[in-house]
Amino acid sequence: MRQENLIQVQHDDFDISALYHFLQADNVEDGAVATFLGAVRAKNLGDNVTGLTLEHYPGMTEKSLNDIVVQARERWDINRVVIVHRVGALQLGDNIVFVGVTSPHRGNAFDACEFMMDFLKTRAPFWKKESTSEGDRWIEARDSDAQKASQW
Amino acid sequence: MRQENLIQVQHDDFDISALYHFLQADNVEDGAVATFLGAVRAKNLGDNVTGLTLEHYPGMTEKSLNDIVVQARERWDINRVVIVHRVGALQLGDNIVFVGVTSPHRGNAFDACEFMMDFLKTRAPFWKKESTSEGDRWIEARDSDAQKASQW
Amino acid sequence: MSCFGDKSLIKVLFFAHLKERLGCDSLMLKAAPATVAEVRQQILEMHPNWRDDFESLAKLSAVNQTICDDNQLVETGDEVAFFPPVTGG
Amino acid sequence: MSCFGDKSLIKVLFFAHLKERLGCDSLMLKAAPATVAEVRQQILEMHPNWRDDFESLAKLSAVNQTICDDNQLVETGDEVAFFPPVTGG
């Protein structure tokens, strides 16, 4: 009853209130809820960018997110976990990903949330492609993400 | 325009959607939104506890929260910041505090959010009192909170 | 439950369990510029029976709503507060 | 745009820019149990003109949907995927 996951890969935007409801409803064990929300930002996008497309590896995506949650549960005392990641066509400002975690301990909630984001960034099979007025181009992975993930 | 604060001390519960709206609306600079939500949990409360009362030091509360935000802005590249803290009578499961921060950088958002919570826990003049069937008692401060704050 | 000492120029506030134990939420002190430590001393000279509660509960102090240590200077017109370790969040 | 190699027993998938550059999203390989490195070699023997794209873009591999390194064993019936560093989140 206490340990529950909500892991979804979807085209549609997510309802943040509903995600908090999943984390908090009938949960009096956990005083701490840490979340991260990632969105399409201007700096991600080069000049003349008209949008972004998120490709993924269906099947492996869900499996890799599940694996990340399993690893987080081995390291921290956490109870409810949400990971929602969008795929398909996105615009500037659109939400991309939401990670939320509850724990009796504030530090555990923060650490597990950041760990899951860092691992998602380097292990989950999603790829971003920019659409520009001169054509499409794939976004390059950043060394800083690999470094962040290796520190856990 | 980019750096904005929403700092509130209030009796009423907060609307998480409205707080996310403050963080995200017309904000295409920041791809990262880290938040923390603290709620009254069972473990906080001893036996026979019927509720919790949050006392504060009006005036200093807002000032100390502002000071914490100023310090966070000196250390990290963050743009919008929300801190909402409730006072008065609360029940099991009720929300107590919400801290949210946006940044172009994921790591900055996480660090600033946790820093603000750790400093709020040790610097902002709020005190919790339990109501029990045998009378009221003040909750003791925890050494672990002081240790966490001293690590920044 | 407020109780005033000498009508004078430094305002002192107490909070939470300290306030309840003293049965007092504020008082006024006549004091020349001094340190927080000297303000503590002056209060205890006026209220010797507050010593135990003050030592166990007045762990933190603030001058003009900013947390400070006992060496902080206090001037007339300032607001000084004493309180137990905070437990919000 | 799928293209099949020998009709056989290991399924190979390509994603993102690698898929686009190869013009191929999947193929089937006839292979005895082997390592991921040997699977790479076998693919390049079938498609020598893929070498540059493979070297620059097939940075990551997964066997049965779990990321692995080139020493990972692959058995018949497995699903092997090659792709560039991921950029989600």
Side-chain angles (χ1 to χ4, degrees), chain A residues 14-21 23-45 52 79 91-107 109-118 120-121 128 142 144-145 147-149 151, chain B residues 14-21 23-45 52 79 91-107 109-118 120-121 128 142 144-145 147-149 151:
Chain A
F14 34 84
D15 176 349
I16 289 170
S17 299
L19 301 179
Y20 270 87
H21 183 77
L23 293 166
Q24 290 198 284
D26 302 318
N27 181 356
V28 295
E29 309 291 333
D30 300 326
V33 183
T35 77
F36 180 84
L37 175 63
V40 182
R41 62 183 165 125
K43 204 180 155 190
N44 270 141
L45 306 175
L52 198 70
N79 287 312
Q91 305 297 318
L92 184 62
D94 279 356
N95 292 329
I96 300 173
V97 62
F98 182 93
V99 172
V101 56
T102 74
S103 171
H105 313 288
R106 181 167 88 259
F110 273 115
D111 287 349
C113 189
E114 190 164 12
F115 167 89
M116 288 190 286
M117 270 308 300
D118 288 350
L120 185 157
K121 281 265 182 190
K128 292 193 188 98
R142 289 183 303 176
S144 60
D145 285 328
Q147 282 161 19
K148 246 176 141 298
Q151 281 163 9
Chain B
F14 35 82
D15 176 348
I16 289 169
S17 298
L19 301 180
Y20 270 87
H21 183 77
L23 293 167
Q24 290 199 283
D26 302 319
N27 180 356
V28 294
E29 308 292 333
D30 299 327
V33 183
T35 77
F36 181 84
L37 175 64
V40 182
R41 61 182 166 127
K43 205 180 156 190
N44 271 138
L45 306 175
L52 198 70
N79 287 311
Q91 306 297 317
L92 183 62
D94 279 355
N95 293 328
I96 300 172
V97 61
F98 183 93
V99 172
V101 56
T102 73
S103 172
H105 313 287
R106 181 168 86 259
F110 273 115
D111 287 348
C113 189
E114 190 162 14
F115 167 89
M116 289 190 285
M117 270 308 300
D118 288 349
L120 185 157
K121 281 263 180 189
K128 293 193 187 98
R142 290 183 301 177
S144 59
D145 284 329
Q147 281 161 19
K148 245 177 140 300
Q151 280 163 9

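This is a predicted model, so every value here is computed, not measured.
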Tell me which donor-acceptor pairs under 3.5 Å the side chains of residues 93-100 of chain B have, and how far apart each pair is, sequence neighbours excluded?
from	atom 1	to	atom 2	distance (Å)
B:D94	OD2	B:Q91	N	2.7
B:N95	OD1	A:Q24	NE2	3.0
B:N95	ND2	B:D13	OD1	3.2

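- Heavy-atom distances place the side chain of B:Y20, and not its backbone, under 4.5 Å from chain A.
- The most heavy-atom pairs under 4.5 Å with chain A, out of B:L23, B:D15, B:T35, B:T102, come from B:T35.
- Note: B:R106 CZ to A:K121 NZ = 5.0 Å, rounded to the nearest 0.5 Å.
- Put simply, the side chain of A:F110 does not reach to within 4.5 Å of the side chain of B:D118, judged on heavy atoms.
- Qualifying side chain to side chain contact (heavy atoms under 4.5 Å, CB included) partners for B:D111, counting only residues two or more places apart in sequence or in other chains: A:E114, B:W76, B:W152.
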